[in-house]
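Okay, structure first, notes after.
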Amino acid sequence: METTKAVPDRRVLVVDDNADLAESMAAVLQLLGYEVRSATNGHDALTCMASWLPQIVFLDLTMPDMSGVEVVKRARAATWGDSIMLVAMTGWTADAERERALAAGFDLFVEKPVGMETLQALLAPLNR
């Protein structure tokens with residue numbers, strides 16, 4: 001019988017103002033063996049990134065308190081900011097939105113909801 005083996009030291013943060021989406025994505029990641037936390041606003045996301053130092057952050061672009069672009073700019077300005085892979089998540093997939101996110105400092109840009117194949121492809125480098 002095969003069991004899910006936890007991936008050692010692979011921390012993932014999911015940030016979305018839609019708590020249901022953040023919790024369901026976090027649950028899927030936990031089933032895949034990752035240590036996961038979630039946040040529903042930019043301020044909590046920055047606090048979690050600074051104290052917990054996840055390897056990857058899935059970050060919603062459109063949140064009411066602080067946009068994902070503002071969060072990524074603040075994260076990249078921090079001493080720990082370059083060590084985190086930041087993935088922009090949005091339902092808005094226009095090229096201009098993608099370019100704006102990548103120019104702000106995101107590493108990758110994905111459409112919400114993030115499908116299982118896309119999620120596993122994004123996380124594959126963490127499993128090496």
Side-chain angles (χ1 to χ4, degrees):
M1 183 168 119
E2 189 175 315
T3 60
T4 303
K5 181 182 173 197
V7 179
D9 197 30
R10 297 297 180 225
R11 294 177 306 276
V12 180
L13 174 62
V14 179
V15 185
D16 199 302
D17 60 313
N18 179 332
D20 291 338
L21 189 144
E23 289 173 16
S24 64
M25 190 169 172
V28 168
L29 289 163
Q30 287 172 333
L31 287 172
L32 292 172
Y34 293 89
E35 186 178 351
V36 184
R37 293 191 182 166
S38 61
T40 57
N41 65 66
H43 295 288
D44 289 348
L46 287 167
T47 298
C48 185
M49 282 188 255
S51 63
W52 191 54
L53 298 176
Q55 279 80 24
I56 187 168
V57 177
F58 290 94
L59 179 59
D60 183 17
L61 283 179
T62 54
M63 295 182 291
D65 73 319
M66 182 187 309
S67 74
V69 168
E70 181 62 28
V71 173
V72 80
K73 286 179 179 179
R74 291 184 188 194
R76 291 297 189 215
T79 56
W80 44 264
D82 286 337
S83 65
I84 298 173
M85 179 189 292
L86 294 162
V87 180
M89 296 190 305
T90 186
W92 302 94
T93 58
D95 288 341
E97 190 71 16
R98 177 185 306 273
E99 290 170 14
R100 185 172 80 99
L102 296 175
F106 281 98
D107 297 296
L108 299 165
F109 183 95
V110 297
E111 183 177 350
K112 289 194 304 186
V114 182
M116 184 61 83
E117 286 182 20
T118 300
L119 191 60
Q120 289 178 312
L122 291 170
L123 295 167
L126 298 181
N127 298 323
R128 295 182 186 158

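For the numbers below, each heavy atom of this structure counts, side chains included, while hydrogens, waters and symmetry mates do not. Here the structure is a predicted model, which means the values were calculated and not measured.
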Stepwise side-chain contact (heavy atoms from CB on, under 4.5 Å) test for L123 and Y34: CA-CA 10 Å; L123 295 167; Y34 293 89; 3.4 Å; yes
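- Minimum interatomic distance between V69 and A104 (heavy atoms only, all atoms of both residues): CG1-CB, 3.7 Å.
- No side-chain heavy atom of L13 sits less than 4.5 Å from a side-chain heavy atom of F58.
- Judged by distance alone, with hydrogens and angles left aside, the side-chain atoms of E111 form no donor-acceptor pair with the main-chain N or O of G91 at under 3.5 Å.
- What you find for F109 and A101 is that their closest heavy atoms are CD1-CB, 3.8 Å.
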Yes or no on side-chain contact (heavy atoms from CB on, under 4.5 Å) for H43 and M66, after CA distance, side-chain angles and deciding distance? CA-CA 7 Å; H43 295 288; M66 182 187 309; 3.1 Å; yes
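- Within the structure, the salt bridge (charged side-chain N to carboxylate O under 4.0 Å, His left out) test picks out the following pairs touching residues 14-29 (sequence neighbours left out): D16-K112.
- In this structure, the side chain of R11 does not engage the main chain of V36 through any donor-acceptor pair within 3.5 Å.
- Shown here for A39 and A45, the closest heavy-atom pair between the two residues is CB-N, 3.9 Å.
- Using a 4.5 Å cut-off between side-chain heavy atoms of Ile, Leu, Val, Met, Phe, Trp and Tyr, with links allowed through other members, M63 and L21 fall into different hydrophobic clusters.
- A continuous path of hydrophobic side-chain contacts links L61 to V72 [ILVMFWY only; heavy atoms under 4.5 Å].
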Show the numbers, then the answer: is there a side-chain contact (heavy atoms from CB on, under 4.5 Å) between T47 and W52? CA-CA 8 Å; T47 298; W52 191 54; over 6 Å; no
Could you go through the side-chain contact (heavy atoms from CB on, under 4.5 Å) check for V57 and M49 one step at a time? CA-CA 8 Å; V57 177; M49 282 188 255; 3.9 Å; yes
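- A single hydrophobic cluster is seen to contain both V28 and I56, as judged by linkage of ILVMFWY side chains at heavy-atom distances under 4.5 Å, directly or through other members.
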What donor-acceptor contacts under 3.5 angstrom involve side-chain atoms of residues 80-87, with partners at least two apart or in another chain?
residue, atom, partner, partner atom, Å
S83, OG, W80, O, 2.7

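- Within the structure, every pair that satisfies the salt bridge (charged side-chain N to carboxylate O under 4.0 Å, His left out) test and touches residues 86-99, not counting sequence neighbours, is listed here: E97-R100.
- By the salt bridge (charged side-chain N to carboxylate O under 4.0 Å, His left out) test, D107 pairs with R76, sequence neighbours left out.
- Note on L108: it does not cluster hydrophobically with V71, by side-chain heavy-atom contacts below 4.5 Å among ILVMFWY residues.
- Under the 4.5 Å side-chain criterion, counting only non-hydrogen atoms from C-beta, V15 is not in contact with N41.
- Judged as a salt bridge (charged side-chain N to carboxylate O under 4.0 Å, His left out), and not counting sequence neighbours, R37 has no contacts.
- Sorted pairs that involve residues 43-53 and meet salt bridge (charged side-chain N to carboxylate O under 4.0 Å, His left out), not counting sequence neighbours, are lacking altogether.
- Both L46 and L53 are assigned to one and the same hydrophobic cluster, defined by single-linkage of ILVMFWY side chains at heavy-atom distances under 4.5 Å.
- M89 places a side-chain heavy atom less than 4.5 Å from the side chain of M25.
- Not a single donor-acceptor pair under 3.5 Å links the side chain of T118 to the backbone N or O of V114.
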